[in-house]
J.: 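Please find one structure pasted underneath; my questions will follow.
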Amino acid sequence: MHDIRAIRENPAAFDAALARRGLSPLSSELLAIDEARRALIKQAEDAKAAQNALSKEAGQAKAKGDEAEFVRIREEVSRRKAVEGGLLEQANAEDLRLKAALEVIPNLPLDEVPEGKDEDDNVEIRQWGTPRAFDFQPVEHFDIAGVKPGMDFNTAAKLSGARFVVLKGAVTRVHRALAQFMLDTHVNEHELEETWTPVLVKSEAMYGTGNLPKFAEDSYKTTNDWWLVPTAEVTLTNTVAGDIIDGADLPIRMTAHTQCFRSEAGSAGKDTSGMLRQHQFEKVEMVTICTPETALAEHDRMTRCAETILEKLGLPYRTIVLCTGDMGFGSQKTHDMEVWLPGQNRYREISSCSTCGQFQARRMNARYRAGSGAKPDFVATLNGSGLAVGRCLIAVLENGQQADGSVELPAVLHPYLGGKTRISAEGKLV
RNA sequence: GGAGAGGUGGCGGAGUGGUCGAUCGCGCCGGUCUCGAAAACCGGAGUACCUGCAAGGGUACCGUGGGUUCGAAUCCCACCCUCUCCGCCA
C-alpha cells in the first residue's frame with residue numbers, strides 16, 4: 001500500500017517509478033480522489049463538531065431542569081442529523097474509493113533496480129559453481145532410473161489430479177532430509193528463529209502481504225473462508241500485523257518449513273512434467289522484520305542465507321536481480337537464485353528474496369518505535385525462500401545422477417540419511 | 001458441538017446513558033531530594049485522520065460491524081475471539 005501523502009508531496013516521482021514498471025501515471029487520478037475526500041472529511045467533521053456541541057448543551061439544559069430549552073435543542077439536533085449523516089457517509093465512501101485505488105498498485109522499484117520489460121532484462125550479479133561435465137546425456141529428474149520408483153505421478157493423479165506427486169522410499173527420505181538440513185542451517189548458523197505456523201489463514205492476512213485483493217485466483221479458499229497459504233511469507237510476515245514493536249527488538253528474523261498451495265492459474269501448459277510446478281509443495285521460508293534503514297543490508301544477508309544452502313549442497317547457481325518489469329507485486333527489489341538443472345540444461349528459479357520496504361507493513365499496520373517517546377513508524381518486511389524443498393530435491397537428483405541411473409547425494413545430507421550416501425539404480429538408499 | 005463467563009489504554013483493573021479518551025494501581029518518561037541510588041514527593045505520557053506556518057483546534061477509536069438516542073464504554077442486534085466445564089477427537 002502506498003502512502004497518499006508521499007504521492008501528494010511528489011507526484012512526479014511516483015509516476016516516474018510507475019513508468020519504470022511499465023505502468024501509466026496514476027498520481028493525478030489519485031490526488032483528485034484525495035482532494036475530494038479531504039474536502040468531504042472537513043465538511044462532515046465540522047458538522048459533527050457543531051452537533052456534538054449542541055448535544056452537550058442539551059445535557060446541560062436537562063441538568064438545570066430547563067425542559068423547554070432541552071426540547072428546543074433536541075429538535076434542532078434532530079433536524080441537522082440527516083445532513084450530517086449524509087456527509088459522513090460520503091466522506092467514508094470517498095475514503096474507501098481511495099483505498100481501493102491504492103491497494104492494487106504494486107510497490108515501486110528502488111532506483112538501483114535495473115529497468116526492463118520482462119525476465120530477459122534481469123541482470124546476473126554472480127555465479128557460483130561450475131555445471132558438471134557429464135560423460136553421458138543427463139536426464140530430467142523423473143527419468144532417472146533410481147528416482148522412478150520413488151516419484152509417482154500416476155497415483156497422485158488418481159488421488160488429486162494433475163500437478164501433484166506421491167513420493168516413496170528413498171526419494172521421500174531425501175526430500176525430508178533437505179528440509180531438515182535447511183532448517184538446521186538457518187537456525188544454527190544463520191540465527192533465524194524457527195517458527196511453525198498455520199497454513200490456513202484469514203483474508204486479512206492474505207491482504208497484508210498483498211496476495212489479496214488482486215491475486216485471489218492464485219490461491220485456494222476453504223468453504224468457511226480460510227485461505228491456504230501460497231507461502232509461509234503470509235503467516236510469518238503477518239505475525240507482526242497491528243503491532244507496535246520496540247525498536248530494540250528488531251530485526252526479527254524467522255524461518256519456517258510449511259506446505260504451500262498454489263492454484264497455478266495462468267501457468268497452464270508450463271512445466272507440466274515432473275514436480276517442478278505443483279499445486280502443493282514444501283518450502284523453507286525466511287522472513288525478516290526490520291527498520292527501513294536496515295532493509296537493504298538485511299536483504300543481502302537473507303540472499304546469502306539462501307545461497308549458503310545451495311553452496312553447502314554443492315549445487316551450481318547464479319544470482320540475478322529482477323528488472324523492474326519482472327518484480328512481484330509487493331517488492332522493491334528482488335534477488336532470484338537459479339539452480340543448474342542438467343536435465344533441462346538451464347538454470348531454474350529455486351529462491352526469490354525480496355525487500356518490500358514499508359509496503360506490506362502499511363497494509364498490515366505493523367509499526368515499531370525507535371525509542372521511548374518516538375513516534376511509531378512502519379517496519380520494513382523482507383521475505384525469501386531458503387529454499388523451495390521440492391525444487392531443491394529436483395536439483396540434487398539431477399546434479400547427482402550417474403550413468404547407471406543411480407544418484408550420488410551431497411555429503412551434508414548424509415547425516416540426515418543415516419549415513420547412506422546414494423540412491424541406487426533400483427531406487428534404494430544405500 | 002452443548003452450557004457458562006468475559007473482551008476497556010504497556011499490564012492489572014474501575015466505570016451500566018450526559019463535561020469519559022475514560023478513576024485508580026503497577027510499569028514507563030522528566031524533575032526535586034541524594035555523593036549516587038532506593039524511597040518519597042511533583043509533573044508528563046495513547047493511536048489514526050482532518051485543519052493550521054505554528055501554538056492549537058476538530059473527528060474517530062473502550063473486540064468488530066450495525067442499531068436505538070439530542071447524547072453510548074455504558075442499552076439492543078449480529079459476528080469474531082478468549083477462558084471454564086461437558087462431549088468428541090489427531
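Proteins get letters first, then strands, A, B, ... in listed order; numbering begins at 1 in each. Note that the coordinates shown come from a computational prediction; the quantities given were computed from them, not determined experimentally.
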J.: Can you give the dot-bracket line for RNA chain B, using ( ) for pairs inside the strand, [ ] for pairs that cross earlier ones, | for pairs with another strand and . for unpaired bases, where Watson-Crick and G-U count if both distances are under 3.5 Å?
T.: ((((((((.[[[..)..(.....]]].(((((.......))))).((((((....)))))).[[[[[..)....]]]]])))))))....
J.: Could you check how far CD of Q43(A) sits from P of U51(B), rounded to whole Å?
T.: 13 Å
J.: Quantified in whole Å, what is the C1' atom distance between nucleotide C49(B) and nucleotide C85(B)?
T.: 45 Å
J.: Mind calculating the distance between CG (D46(A)) and P (U51(B)) to the nearest angstrom?
T.: 11 Å
J.: What pairs with F153(A) under ring-ring contact (aromatic ring centres under 6.0 Å, His included), at least two apart in sequence or on another chain?
T.: none
J.: Over how many whole Å does the gap from D225(A) atom CG to C80(B) atom P extend?
T.: 11 Å
J.: Report, one pair per line, the protein and nucleotides 45-48 of chain B atoms (nitrogen or oxygen only) whose separation is under 3.5 Å.
T.:
residue	atom	partner	partner atom	Å
U47(B)	OP1	R369(A)	NH1	3.3
U47(B)	O3'	R367(A)	NH1	3.0
A48(B)	OP1	R367(A)	NH1	3.4
A48(B)	OP2	K375(A)	NZ	3.4

J.: Would the distance check show the side chain of H335(A) and the main-chain N or O of L322(A) forming a donor-acceptor pair, the cut-off being under 3.5 Å?
T.: no
J.: Starting from P on G27(B), measure out to CG on D246(A) and report it in whole angstrom.
T.: 19 Å
J.: Taking only side-chain N and O atoms of R38(A), does any of them lie within less than 4.0 angstrom of OP1 or OP2 on U51(B)?
T.: yes
J.: With sequence neighbours left out, write down each residue that passes ring-ring contact (aromatic ring centres under 6.0 Å, His included) with Y368(A), or none if nothing qualifies.
T.: none
J.: My understanding is that only one of T288(A), N383(A), T239(A) makes a side chain to side chain contact (heavy atoms under 4.5 Å, CB included) with M254(A); could you say which?
T.: T239(A)
J.: How far does the C1' atom of C11(B) sit from the matching atom of A40(B), given to the nearest Å?
T.: 24 Å
J.: Could you tell me whether R8(A) contacts a base, only the sugar-phosphate backbone, or nothing, with contacts defined as non-hydrogen atoms closer than 4.0 Å?
T.: sugar-phosphate
J.: Taking the same atom, C1', in C77(B) and in C26(B), what whole-Å distance lies between them?
T.: 38 Å
J.: Taking atom C1' in both G9(B) and G25(B), compute the distance separating them and give it to the nearest angstrom.
T.: 14 Å
J.: If every non-hydrogen atom of F14(A) is compared with every non-hydrogen atom of S27(A), which pair is closest and at what distance?
T.: CD2-CB, 4.2 Å
J.: Please report the distance, rounded to the nearest Å, between CG in D34(A) and C1' in C49(B).
T.: 12 Å
J.: Expressed in whole Å, how much space separates the C1' atoms belonging to C76(B) and C24(B)?
T.: 31 Å
J.: Let me know the distance between CG of D95(A) and P of U59(B), rounded to the nearest Å.
T.: 18 Å
J.: Where along nucleotides 60-77 of chain B does protein come under 4.0 Å, by heavy atom, of base (B) or sugar-phosphate alone (S), with - for untouched nucleotides?
T.: S--------BBS------
J.: Which pairs pass side chain to side chain donor-acceptor pair (under 3.5 Å) with one or both residues in residues 157-181 of chain A, sequence neighbours excluded?
T.: D152(A)-K168(A)
J.: Write down the distance between CG (L98(A)) and P (C49(B)), rounded to a whole number of angstrom.
T.: 12 Å
J.: So R80(A), base contact, sugar-phosphate only, or nothing? Heavy-atom distance under 4.0 Å.
T.: nothing
J.: Looking at every strand, decide which applies to E76(A) at a 4.0 Å heavy-atom threshold: base, sugar-phosphate, or nothing.
T.: nothing
